[in-house]
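What follows is a short report on a single structure.
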Protein chains: 4
Amino acid sequence: MAGPASRKSESRAPGRPRSERARTAILIATNELLDSRGLAALSVDVIATRAGVSKATIYRWWPTKAAVVMDAFLAHTSPRMPFPDTGSTREDLRRQIKSVIRLFNQAGTGRSLVALIAESQHDPVLAQAFRERFIAARREAAREVLVRGRERGELRPDLDVDIAIDALYGPLYYRLLVSGDPLRQRYPDQLLDQLYPALAAVDQPDAR
Amino acid sequence: MAGPASRKSESRAPGRPRSERARTAILIATNELLDSRGLAALSVDVIATRAGVSKATIYRWWPTKAAVVMDAFLAHTSPRMPFPDTGSTREDLRRQIKSVIRLFNQAGTGRSLVALIAESQHDPVLAQAFRERFIAARREAAREVLVRGRERGELRPDLDVDIAIDALYGPLYYRLLVSGDPLRQRYPDQLLDQLYPALAAVDQPDAR
Amino acid sequence: MAGPASRKSESRAPGRPRSERARTAILIATNELLDSRGLAALSVDVIATRAGVSKATIYRWWPTKAAVVMDAFLAHTSPRMPFPDTGSTREDLRRQIKSVIRLFNQAGTGRSLVALIAESQHDPVLAQAFRERFIAARREAAREVLVRGRERGELRPDLDVDIAIDALYGPLYYRLLVSGDPLRQRYPDQLLDQLYPALAAVDQPDAR
Amino acid sequence: MAGPASRKSESRAPGRPRSERARTAILIATNELLDSRGLAALSVDVIATRAGVSKATIYRWWPTKAAVVMDAFLAHTSPRMPFPDTGSTREDLRRQIKSVIRLFNQAGTGRSLVALIAESQHDPVLAQAFRERFIAARREAAREVLVRGRERGELRPDLDVDIAIDALYGPLYYRLLVSGDPLRQRYPDQLLDQLYPALAAVDQPDAR
DNA sequence: TACTAAGCGAGACGGTACGTCAGGTCTTTCG
DNA sequence: CGAAAGACCTGACGTACCGTCTCGCTTAGTA
């Protein structure tokens with residue numbers, strides 16, 4: 001984006017620039033602490049100390065501890081979610097579900113995620129940010145697969161994409177947050193065995 | 001522990017008996033506060049004040065604020081969940097889903113529920129209690145319907161009941177906790193339109 | 001003293017009584033810290049730690065760090081100010097002045113006093129308390145001596161007592177707070193040598 | 001700005017501020033803030049903002065907020081203290097005392113003064129500066145009057161000038177800082193009525 | 001009728017973390 | 001090259017709840 005010639009006038013704001021060092025130190029410290037000690041040991045003071053940073057600096061840039069956790073979470077989560085088009089919609093979905101489960105089961109990430117969702121329940125600002133910055137992207141990726149499948153005739157033409165996404169992702173979050181049942185490797189297949197027929201076009205050979 | 005006939009004539013322990021008045025006042029106050037102010041304003045101090053009760057009395061009977069919330073939640077939730085057998089499995093499911101949505105959308109209950117789940121994320125004891133005292137009952141009710149349907153031949157013989165429950169309930173909790181999308185009256189039908197075919201026996205007339 | 005019938009069995013206020021242990025620990029810690037480290041090292045946190053007390057306990061009973069300092073100051077200052085009637089007004093005054101100087105020069109007390117006066121300059125509540133609880137008592141003691149002297153005919157009949165007190169005490173505070181000049185043992189005599197004639201009745205032998 | 005040879009030989013100080021504009025802006029802002037809002041609203045940040053100046057610029061030239069206040073104070077105080085020789089020592093003293101009281105009662109100046117003295121109590125550097133740059137000058141002026149009076153035979157030959165100054169100024173600072181009693185127009189006369197006889201030569205007609 | 005045991009409201013206690021603020025120092029960019 | 005802008009660290013502030021702990025009182029069953 002920022003092409004080399006684009007900064008001809010590029011008059012940066014005056015004053016000491018924000019310290020990138022501090023920013024990353026905070027995010028790293030947050031992730032490390034979440035991994036090692038869990039959410040309980042995550043006070044702003046502790047993050048600040050561990051990051052070698054002042055508490056005020058944290059509050060300058062994040063309104064809330066949860067906001068820090070979210071950025072930390074996204075920082076090491078966002079980039080790693082490739083969704084290749086395998087040709088088979090069912091396989092595409094299987095891979096997506098599998099990657100979500102992998103994410104949930106990763107020590108640090110799972111805890112962060114759970115913490116963020118828990119916090120969201122009494123922090124509307126965080127809730128919105130979480131939805132816009134994490135959930136929306138996930139749904140969009142799933143939507144692409146589903147729409148593509150529908151266009152290809154693999155999925156039923158009257159498929160309600162949003163409901164379908166609820167049906168595919170909902171069970172995962174339900175296990176993570178509510179029932180506490182484990183999400184194993186084979187769960188994607190079990191789930192799709194039960195659900196895919198409902199999504200597939202009637203004449204699909206693998207519909208059932 | 002509790003010998004069966006050991007205290008038939010109920011020789012009460014000595015000392016002043018537990019005040020029923022205090023107990024109900026606490027549960028009512030908790031529900032009222034959740035209704036009116038939400039989870040944020042729910043400190044033990046505030047509950048105690050509102051209930052006209054000492055903080056110590058609360059801690060004498062509940063280990064945790066969340067435990068109080070759970071009892072308060074169950075106190076006005078438990079009794080109202082009848083699941084009649086309508087003859088049609090799909091209709092039975094529709095009614096169950098509908099009643100869950102009604103519960104979620106009720107001001108006080110929805111918030112309590114959300115609060116309990118949020119708290120459960122960092123309180124394993126609460127999590128277990130919540131699952132045993134609320135979730136398990138729900139799943140059991142749903143299981144009955146599904147097993148009955150399978151036995152009747154309305155549902156596919158290889159139906160995995162647990163996965164099916166995940167698929168039916170998961171989306172509801174997902175909307176409540178994660179996506180924040182509203183759960184409207186017609187959602188049960190929308191959901192079943194998408195999912196029921198996957199559950200139904202292949203020769204069922206209403207499978208699709 | 002307290003009400004005529006003194007209220008039967010003296011029913012105390014409900015609730016856990018204030019901890020005398022905590023109260024004294026706080027005052028002692030405050031005085032010790034003032035003595036040893038001076039006003040600079042006197043944060044509420046430090047007092048709390050040293051006293052083995054919670055910060056909240058301090059704030060429960062004192063609105064301000066300075067208020068604590070005042071109580072600590074009065075706690076070990078108040079009781080020790082006897083002003084015997086020596087028969088000679090000049091001698092009475094000399095002793096009073098001497099005792100004030102001794103107070104000023106005592107490590108802990110002097111520093112407390114200075115701190116209190118400094119704080120008073122931007123804390124009207126403290127200022128009033130300081131005047132009522134410390135200054136007023138001093139002035140009253142001095143007033144007694146002066147009025148007695150005037151009645152005895154040792155002091156001029158048209159003596160303005162308030163101005164006289166200003167003239168006797170003012171120089172001491174002036175040295176303490178403003179000029180920084182030392183207040184030595186002989187200062188009371190030097191001061192009275194200069195001032196007493198102005199106060200004395202014209203025919204007094206020691207007027208000049 | 002200032003022409004190179006414009007003032008005498010003008011040996012340029014090494015640390016001289018480039019911007020005279022900044023320096024005066026700071027002093028003016030400080031005085032204005034003291035006048036309008038009092039000492040409480042006087043943070044270095046606020047001064048900097050109001051003066052349109054960087055905080056760093058203030059710290060470059062003054063070690064301490066109090067040092068700024070002192071310069072600001074002197075900047076509009078120093079020049080206005082004329083002490084004419086009226087021929088009568090008592091009248092000279094009366095005028096001096098009156099001018100001090102006027103200074104104390106002036107909104108901005110009084111507050112500055114009080115602030116400086118309060119700050120001096122825990123800042124020895126400031127204390128010394130204050131004494132050297134303000135107090136010493138005052139005492140010197142008073143000393144001149146007293147010495148002149150003694151030489152003229154108006155004052156007692158064994159007058160201890162330093163003690164006398166304490167006795168004349170002390171009460172004023174005492175009222176300002178300690179007792180809080182008001183310093184009215186007639187106070188100089190009241191004070192001198194009580195004190196002057198002690199200073200005057202025995203045969204002076206106005207000694208009593 | 002006493003005595004004993006426990007529950008009760010009130011409210012102070014030691015703690016932990018919060019989010020804010022002022023003081024000083026530093027690192028940029030601009031004039 | 002000095003000065004503005006402003007980010008930074010430090011450290012104290014005062015507040016809010018937490019869960020525990022006395023108190024003195026009340027309410028039973030037991031002696």
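Keep in mind it's a predicted model, so treat the numbers as computed, not measured. Residue numbers begin at 1 in each chain, while the letters A, B, ... track the order of the sequences.
For the pair A/R50 CZ and F/dC9 C1', the computed distance is 19 Å after rounding to whole Å. Distance B/D45 CG to E/dG9 P: 14 Å, rounded to the nearest Å. A straight line from CD of B/E119 to C1' of F/dC17 spans 13 Å, rounded to a whole angstrom. Counting to the nearest Å, the P atom of F/dT27 and the CZ atom of B/R21 are 12 Å from each other. One interatomic measurement links the two molecules: CG of C/L42 to C1' of F/dG11, which rounds to 15 Å at whole-angstrom precision. Whole-Å rounding puts the D/I47 CD1 to F/dA4 P distance at 14 Å. Atom CH2 in B/W62 sits about 16 Å away from atom P in F/dT20, given to the nearest Å. If you measure from atom CZ of A/R37 to atom P of E/dA17, you get 12 Å, rounded to the nearest angstrom.
In this structure, the nucleotide among F/dC18, E/dA10, E/dC8 sitting nearest to the side chain of C/P14 is E/dA10. Nearest to the side-chain atoms of B/K65 among the listed nucleotides E/dG23, F/dT22, F/dC18 stands F/dC18. Residue D/Y59 has its side chain nearest to E/dT25 when only F/dA12, F/dC17, E/dT25 are considered.
Taking 3.5 Å as the limit, the base of E/dC8 and the side chain of B/R16 contain no donor-acceptor pair of atoms between them. Residue-to-nucleotide contacts include a donor-acceptor pair under 3.5 Å from the side chain of D/K55 to the base of E/dG24.
Taking the centre and axis of the six-membered ring of B/W61, the NZ or CZ atom of B/R23 falls outside the cone set by 45° and 6.0 Å.
Closest-nucleotide positions on DNA chain E for A/S54 and C/A22 were compared, and the one nearer the 5' end corresponds to C/A22. Across the interface with DNA chain F, nearest-nucleotide mapping of B/A40 and A/R23 shows A/R23 to be the residue nearer the 5′ end. DNA chain F is contacted by both B/V44 and D/R60; D/R60 maps to the nucleotide lying nearer its 5′ end (nearest heavy atom per residue). Of the two residues near DNA chain E, B/A56 and C/E20, the one whose nearest nucleotide lies more 5' is B/A56.
Counting non-hydrogen atoms under 4.0 angstrom, C/V46 reaches nothing in the nucleic acid.
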* Evaluate the salt bridge (Lys or Arg N to Asp or Glu O under 4.0 Å) criterion for residues D/D45 and D/K55: first the C-alpha distance (whole Å), next the side-chain angles of each, then the deciding distance (0.1 Å), finally the verdict. => CA-CA 6 Å; D/D45 271 284; D/K55 232 188 347 168; 3.6 Å; yes

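Using a 4.0 Å cut-off between charged nitrogen and carboxylate oxygen, A/D123 and A/K65 do not count as a salt-bridge pair.
Minimum heavy-atom separation, B/A29 to B/R50: CB-CG, 3.3 Å.
For F/dA3, the OP1/OP2 oxygens have no side-chain nitrogen or oxygen of D/T57 closer than 4.0 Å. At the phosphate of E/dA12, neither OP1 nor OP2 sits under 4.0 Å from any side-chain N or O atom of C/W61.
Counting non-hydrogen atoms of neighbouring residues, nucleotides and ligands closer than 6.0 angstrom, the CZ atom of A/R133 exceeds 12 such neighbours.
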